[in-house]
Amino acid sequence: MTRPRFALLVMLAVGLLLPVVAAWMGEPFYVRLGTRILVFALAAVSLDLILGYGGMVSFGHAAFVGVGAYVVGVLFVHASEYTPILGLTATQNALIVWPLAAAVAALAAVPIGLISLRTTGVPFIMITLAFAQMLFYLMTGLKAYGGDDGVALWNRNELPDSPALADNTVFYYVTLGILVAVLVAAHRMVRSRFGRVLRGAKDNERRMRALGFPVTRYKLAAFVIAAAIAGLAGALLANATLFVGPQYLHWSRSGDLIVMVVLGGMGTLAGPVVGAAALLLLEEFVPELMNLAKPGLGEHWKIVLGPVLLLLVLYARRGLWGWIAGSRR
Amino acid sequence: MDRGVAAMSAPAALEVRDLVKRFGGLAATDGLSLAVTAGELHALIGPNGAGKTTLIGQLSGELRPDAGSVRFRDRDVTRLPAHRRAAMGLARSFQITSLFPSFSVLDNVAMAVQAHAGHSFRFWRDAGRDRRLGDPARAVLERVGLSARADVYASDLAHGEARQLELAMALAGDPALLLLDEPMAGCGPEESARMVELLRSLKGTVTILLVEHDMDAVFALADRITVLVRGRALATGTPAAIRSDPAVREAYLGGEAA
């Protein structure tokens with residue numbers, strides 16, 4: 001068995017066994033942490049589709065996560081107040097709400113992509129950031145949906161006639177299933193004709209145009225697909241944390257997603273998953289360790305994160321996954 | 001002399017009329033007219049600063065001319081973007097090798113084949129195993145003599161091989177016109193000789209507009225030559241006619257082609 005394949009199997013085994021081990025240890029908290037990791041992995045994978053494969057450094061990807069989360073939040077508010085939304089009864093059915101979250105995020109990505117993709121490089125970074133900030137302030141202004149404070153949800157979305165999702169372990173496995181399905185689809189996509197156009201445009205966009213590819217169209221499609229997946233991740237995030245707020249769209253969240261992708265390995269699908277796990281685990285345990293050394297020190301945990309990132313960028317250019325999977329071109 | 005071209009019976013694959021492109025006060029293209037007849041190998045020569053690069057930019061669609069028109073396959077393409085012209089069959093190679101370095105040689109050509117195989121909104125099938133891309137790509141590699149290097153990364157090719165690949169990618173879509181921007185640039189004598197042979201083997205099967213500095217190559221290959229000086233076509237004619245044209249000798253060739 002090849003080394004990357006073995007590593008993937010180990011990751012899958014860890015993912016499948018985590019709730020079992022957590023139950024055995026009597027630490028149900030780990031299931032919630034695991035769910036968060038899976039959700040952010042999903043968002044990071046979607047970002048890597050455009051960043052790592054398409055060469056589009058979007059600094060506003062968290063906005064699409066946030067839009068997805070707000071779809072859940074808005075529907076929750078209407079369902080709990082028994083008020084219709086756009087003349088319809090607000091549903092809490094996950095099979096409707098989650099795809100809707102993806103669709104709304106995709107829809108938001110169309111105009112944003114159309115305008116942003118007129119630029120490349122640093123202007124692209126800045127314009128995606130600007131759009132994300134606009135959405136951030138839009139959400140803080142939504143007084144009916146909590147404004148600055150956001151909305152606390154009383155319960156998760158439901159499957160038809162089943163309260164199963166309310167159980168943390170079931171929700172964990174559903175999230176895992178979605179992540180695996182998206183990874184399989186993304187794996188196919190990056191190797192398909194569409195994926196080749198995307199990777200070719202990253203390698204040499206001018207040449208792609210000279211060959212006859214209307215490159216912008218394909219990049220826009222990738223941008224929208226990535227936003228849809230991010231929107232789905234947002235819906236899951238809202239359900240995982242039972243909270244929806246504008247901070248989900250904050251630019252620092254977009255930065256976290258970029259860090260996850262770079263840390264794990266750009267232009268790979270497993271990389272962002274590893275990166276999301278690494279960042280969230282560091283965030284969870286480094287402050288705790290630092291507090292042991294001196295109470296209150298944990299607040300400054302990013303002092304540790306900074307050098308770790310620096311070392312990784314310097315010595316493991318292909319990210320943690322490149323290091324795990326062994327050197328390949 | 002351009003008027004003589006228009007009178008020729010074979011149809012023009014490419015027709016440039018009164019093209020003007022200014023950068024600030026400088027007219028890099030200054031009322032240029034030119035016609036490439038279907039089937040010929042037409043060479044474009046001119047001293048540095050004559051406006052060759054600017055002209056290629058306008059022909060391929062990367063630069064918008066200020067005035068004049070470009071007709072390709074009996075259609076006015078003056079305002080069409082590069083990718084639309086390419087889709088119509090205008091293929092080009094680049095002076096500075098322009099490949100997909102992180103793809104294999106075969107996949108570089110397969111990308112060119114894919115460009116002409118309809119839209120690429122196909123998300124599921126593995127393009128690397130798609131014989132509709134791989135087979136034609138292999139055939140083109142065979143044609144330019146790069147078959148043995150099919151699985152090498154494009155970034156690992158020697159310079160001469162990269163130039164061959166550049167040509168293979170331009171050839172992949174059976175172009176109606178091949179725009180070759182200094183295919184011998186940076187090549188040693190041996191690599192140049194191989195490229196000349198390659199171009200000779202293409203003659204008659206593809207219409208070619210060749211921009212090249214290497215005078216020996218140009219005079220050995222071209223059916224007709226246009227001499228570009230200060231953004232204008234100074235003369236167009238057979239290699240023999242160009243060689244003996246006093247204005248050309250005065251302006252450009254000097255003792256070089258004697």
Side-chain angles (χ1 to χ4, degrees), chain A residues 46 49-50 52-55 106 117-118 120 181-226 228-229 265-269 317-318 322 327-329, chain B residues 56-57 59-62 80-94 96-104 107-130 132-133 152-156 165-166 169-170 172-173 175 179 181:
Chain A
S46 75
L49 283 180
I50 53 174
Y53 290 95
L117 286 171
R118 298 174 69 93
T120 54
V182 166
L183 282 171
V184 169
H187 175 82
R188 299 293 308 205
M189 193 183 93
V190 298
R191 277 159 187 75
S192 70
R193 288 192 183 197
F194 178 80
R196 279 204 175 186
V197 175
L198 201 56
R199 289 184 290 137
K202 185 200 172 194
D203 243 20
N204 191 342
E205 181 161 341
R206 186 178 176 210
R207 184 48 142 159
M208 288 298 280
R209 289 184 198 281
L211 286 178
F213 288 107
V215 175
T216 310
R217 221 172 290 171
Y218 293 103
K219 286 169 84 171
L220 178 65
F223 192 79
V224 170
I225 290 169
I229 299 171
M266 274 194 294
T268 67
L269 291 173
R317 282 167 184 252
R318 296 185 53 250
S327 63
R328 182 182 57 93
R329 255 195 73 123
Chain B
I56 285 188
L59 295 184
S60 63
E62 288 184 345
L80 283 191
H83 69 86
R84 294 278 302 278
R85 297 187 198 194
M88 281 176 70
L90 196 158
R92 71 169 293 192
S93 74
F94 288 81
I96 295 163
T97 310
S98 181
L99 307 170
F100 302 107
S102 64
F103 287 71
S104 74
D107 287 345
N108 267 265
V109 185
M111 190 78 90
V113 174
Q114 188 182 327
H116 297 276
H119 69 80
S120 289
F121 286 105
R122 293 155 201 257
F123 297 90
W124 194 254
R125 273 190 62 178
D126 189 339
R129 292 181 189 179
D130 191 342
R132 285 169 301 177
L133 300 178
V152 175
Y153 278 100
S155 54
D156 290 344
L165 177 54
E166 180 82 48
M169 290 165 73
L179 196 58
D181 191 357

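Only this structure's heavy atoms are used, side chains among them; waters, hydrogens and symmetry mates stay out. Here is the naming used below: chain letters follow the sequence lines, and residue numbers restart at 1 for every chain.
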K.L.:
Under a 4.5 Å heavy-atom cut-off, does chain A meet the side chain of B:His119, its backbone, both or neither?
P.N.:
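Contact with chain A is through both the backbone and side chain of B:His119.
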
K.L.:
First locate atom OG of B:Ser102, then atom CZ of A:Arg199, and finally report the distance between them rounded to the nearest 0.5 Å.
P.N.:
7.5 Å

K.L.:
ring-ring contact (aromatic ring centres under 6.0 Å, His included) with A:Tyr218: which residues, sequence neighbours excluded?
P.N.:
B:Phe121

K.L.:
Nearest 0.5 angstrom please: B:Asp130 CG to A:Arg191 CZ, how far?
P.N.:
15.5 Å

K.L.:
I want to check something: taking the side chain as every heavy atom from C-beta on, are B:His83 and A:Met208 in contact at a cut-off of under 4.5 Å?
P.N.:
no

K.L.:
Examine whether an atom of B:Ala117 lies under 4.5 Å from a heavy atom of chain A, and if so say whether it belongs to the side chain, the backbone or both; otherwise answer neither.
P.N.:
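Both the backbone and the side chain of B:Ala117 come within 4.5 Å of chain A.
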
K.L.:
Could you tell me which non-hydrogen atom of A:Asn204 sits nearest to which non-hydrogen atom of B:Leu99, and how far apart they are?
P.N.:
ND2-O, 2.9 Å

K.L.:
Can you tell me how far the CZ atom of A:Arg196 sits from the CG atom of B:Leu133, to the nearest 0.5 Å?
P.N.:
6.5 Å

K.L.:
Would you call B:Glu62-A:Arg206 a salt bridge at under 4.0 Å N-O?
P.N.:
yes

K.L.:
May I ask you to test the A:Arg207-B:Glu166 pair for a side-chain heavy-atom distance under 4.5 Å?
P.N.:
yes

K.L.:
At a 4.5 Å cut-off on heavy atoms, which part of B:Met169 comes close to chain A: side chain, backbone, both, or neither?
P.N.:
both

K.L.:
Let me know if B:Ser98 has heavy atoms under 4.5 Å from chain A in its side chain, its backbone, both or neither.
P.N.:
both

K.L.:
I need the residue from B:Ala91, B:Ala172, B:Ala87, B:Ala112 with the largest number of non-hydrogen atom pairs under 4.5 Å to chain A.
P.N.:
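When all of B:Ala91, B:Ala172, B:Ala87, B:Ala112 are compared, B:Ala112 has the most.
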
K.L.:
State which residues pass side chain to side chain donor-acceptor pair (under 3.5 Å) with A:Ser192; sequence neighbours excluded, sorted by chain then number.
P.N.:
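Not a single residue meets the side chain to side chain donor-acceptor pair (under 3.5 Å) criterion with A:Ser192.
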
K.L.:
Based on non-hydrogen pairs under 4.5 Å, which of B:Arg125, B:Arg85, B:Met88 is most in contact with chain A?
P.N.:
B:Arg125

K.L.:
Most heavy-atom pairs under 4.5 angstrom with chain B, which of A:Gly195, A:Gly212, A:Ala185?
P.N.:
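Looking at each option in turn, the highest pair count goes to A:Gly212.
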
K.L.:
Just wondering, do A:Leu211 and B:Phe100 contact through their side chains at under 4.5 Å, heavy atoms?
P.N.:
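A side-chain contact exists here, since the closest heavy-atom pair is under 4.5 Å.
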
K.L.:
Please find the pair of heavy atoms, one from B:Ala86 and one from A:Ala210, that lie closest to each other, and give the distance.
P.N.:
CB-O, 3.1 Å

K.L.:
Which of the residues B:Ala170, B:Pro81, B:Ala127 is involved in the greatest number of heavy-atom pairs with chain A at under 4.5 angstrom?
P.N.:
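Most heavy-atom pairs under 4.5 Å with chain A: B:Ala127.
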
K.L.:
Distance from B:Gln114 atom CD to A:Phe213 atom CZ, nearest 0.5 Å?
P.N.:
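The CD atom of B:Gln114 sits 4.5 Å away from the CZ atom of A:Phe213.
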
